[in-house]
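For this chain, numbers begin at 1 and follow the sequence in order. Remember, predicted model here, so these are calculated numbers, not experimental data.
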Amino acid sequence: MTTLDAAARALPLLDLTSLNDDDTEERIAALCARAVTPAGSVAAVCIYPRFIPVAKQLLENKGVAIATVVNFPGGGASAAEVAGETRAAVAAGADEIDVVLPWRDFMAGERTVPRDVLRACRDACGDGILMKVILETGGLADAGLIEQAGRDAVAAGADFLKTSTGKLQPAATLEAAAILLDVIRDCGRPVGFKAAGGIRDTAGAAAYLHLADTVMGPGWATPATFRFGASGLLDALLADLGHGATGQKPSSGY
């Protein structure tokens, strides 16, 4: 895969992200302006729930989904709180919900609380809203725990398995991605994969695409099945595609 091919494949898979504590409406407006580029549109913008109305207005009829986060970043909210956050986000116009697995509970051997949180989020999403489960694989660390968390998330109704919040290091790794793609391949229903955190250039994106091609088959990685959660990656992709920068980069840690 050439650099040009990789950049062209990766751009429409991007969840362009800004999840800073000090985000403003102006910063989110700038993010939304970057989402439609001379080389095509990204898949989604990923923002805090309070900015959904701004993004919804700016991206109407642009073909860019609005993703938001719940139980973020720590994963410590109750099932009832997560359900409330999710319902509010969907009512505000979110198309996709990125929910954090209670990974600390999971790592301590607790299974009921994580399951209940994810099922509550799934029920609150309703039909037509994607639920992307953030496993925080860098926190789980152990390969067996990552695999089991992925299987439990699928059982709870996950539409995507996502590596990381981007707030904890290490974030996305190829090792964790390989485990989750194996889970997806073997789970018996369509589930997507999202690599988030630390992917900043075309070469990094290409490595994940190559892995997806290897595990899931060439052509599997589409916006319906594969995403990159990132901020600075967009300008790197555009540069490799022969286009200039699209504006100020948000510093989300992604």
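- Ionic pairing of Asp182 and Arg185 is present here: one or more N-O contacts between side-chain nitrogen and carboxylate oxygen are shorter than 4.0 angstrom.
- A donor-acceptor distance shorter than 3.5 angstrom exists from the side chain of Ser164 to the backbone of Ala196, with no hydrogens or angles considered.
- Test Ile28, Ile47, Leu31 against Asp23 for side chain to side chain contact (heavy atoms under 4.5 Å, CB included) and you get one pass: Ile28.
- No side-chain heavy atom of Thr112 sits under 4.5 Å from any side-chain heavy atom of Asp105.
- To the nearest 0.5 Å, atom CD of residue Glu175 and atom CD1 of residue Ile179 are 8.0 Å apart.
- Hydrophobic clustering places Leu11 together with Leu209 (ILVMFWY residues linked when any side-chain heavy atoms are closer than 4.5 Å, directly or through intermediates).
- Taking the charged nitrogens against the carboxylate oxygens, Arg9 and Asp213 do have a contact shorter than 4.0 Å, which makes a salt bridge.
- Taking 4.5 Å as the limit, every side-chain heavy atom of Pro190 sits out of range of all side-chain heavy atoms of Thr225.
- Asn20 has its side chain out of reach of Tyr48: every pair of non-hydrogen atoms, C-beta onward, lies at least 4.5 Å apart.
- Asp21 meets the salt bridge (charged side-chain N to carboxylate O under 4.0 Å, His left out) test with no other residue; sequence neighbours excluded.
- Rounded to the nearest 0.5 Å, atoms SG (Cys121) and CD1 (Ile129) are 10.5 Å apart.
- Between Trp220 and Val215 there is no side-chain heavy-atom pair separated by less than 4.5 Å.
- At a threshold of 4.5 Å between non-hydrogen side-chain atoms, the residues Asp152 and Gln148 count as touching.
- For the pair Arg111 and Phe106, the distance from NZ or CZ to the six-membered ring centre is under 6.0 Å and the angle to the ring normal is within 45 degrees.
- Here CG of Asp123 is found 9.0 Å from CE of Met131. Values are rounded to the nearest 0.5 Å.
- Judged by distance alone, with hydrogens and angles left aside, the side-chain atoms of Thr17 form a donor-acceptor pair with the main-chain N or O of Asp15 at under 3.5 Å.
- Exactly one of Lys194, Lys132, Lys162 qualifies for a salt bridge (charged side-chain N to carboxylate O under 4.0 Å, His left out) with Glu96. That residue is Lys132.
- By the 4.5 Å heavy-atom criterion applied to side chains, Leu4 and Leu241 are counted as neighbours.
- Neither side chain, Asp22 nor Thr24, offers a donor N or O lying under 3.5 Å from an acceptor on the other.
- A 4.5 Å side-chain heavy-atom check between Leu180 and Ile146 finds at least one atom pair inside the cut-off.
- Looking only at distances, a side-chain donor or acceptor of Asp201 sits under 3.5 Å from a matching main-chain atom of Gly204.
- Remark: side-chain polar atoms of Asn71 are not paired, donor with acceptor, to backbone N or O of Val99 under 3.5 angstrom.
- Closest non-hydrogen pair, Cys187 versus Val154, comes out as CB-CG1, 3.9 Å.
- In this structure, CD1 in Ile52 is found 12.0 Å from CG in Leu59, a value given to the nearest 0.5 Å.
- Shortest non-hydrogen contact noted between Val100 and Gly75 is CG1-CA, 3.7 Å.
- Hydrophobic clustering, with ILVMFWY side chains joined whenever heavy atoms are under 4.5 angstrom apart, groups Val90 together with Ile66.
- In the hydrophobic clustering of ILVMFWY residues, with side-chain heavy atoms under 4.5 Å counting as a link, Phe226 and Val191 come out together.
- Judged by distance alone, the side chain of Ser41 and the main-chain N or O of Val36 form no donor-acceptor pair under 3.5 Å.
- Annotation for Asp127: atom CG does not count as buried by contact number, only 12 or fewer foreign heavy atoms lying within 6.0 Å.
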Test side chain to side chain contact (heavy atoms under 4.5 Å, CB included) applied to Phe72 and Ile134, step by step: CA-CA 9 Å; Phe72 186 92; Ile134 306 171; 4.1 Å; yes
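- Summarising the geometry of Leu135 relative to Trp103, their closest heavy-atom pair is O-CB, 3.8 Å, with the distance given to 0.1 Å.
- Nearest heavy-atom pair, Gly197 versus Ala171, reported as atom, atom and distance to 0.1 Å: O-CB, 3.5 Å.
- Leu101 and Ala149 get closest at one heavy-atom pair: CD2-CB, 4.0 Å.
- Side-chain heavy atoms closer than 4.5 Å link hydrophobic residues (I, L, V, M, F, W, Y) into clusters, and following such links, even through other members, never connects Phe160 to Leu118.
- The CZ atom of Arg104 sits 15.0 Å away from the CD atom of Glu110 when rounded to the nearest 0.5 Å.
- To the nearest 0.5 Å, the span separating CG on Leu130 from CD1 on Ile97 amounts to 9.5 Å.
- Classified by interplanar angle (parallel below 30°, tilted 30° to 60°, perpendicular above 60°), the ring pair Phe228/Tyr208 is perpendicular.
- A heavy-atom distance below 4.5 Å is not found between the side chains of Lys56 and Pro53.
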Candidate pair Arg34 and Leu234, rule side chain to side chain contact (heavy atoms under 4.5 Å, CB included), full reasoning: CA-CA 9 Å; Arg34 298 176 66 224; Leu234 178 59; 3.9 Å; yes
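- Leu58 and Phe51 sit in two unconnected hydrophobic clusters of ILVMFWY residues. Membership requires side-chain heavy atoms under 4.5 Å apart, directly or through other members.
- Residues Val69 and Cys46 share a closest heavy-atom pair of CG1-SG, 4.1 Å.
- Panel note: side chain Glu136, backbone Thr165; a donor-acceptor pair is recorded below 3.5 Å.
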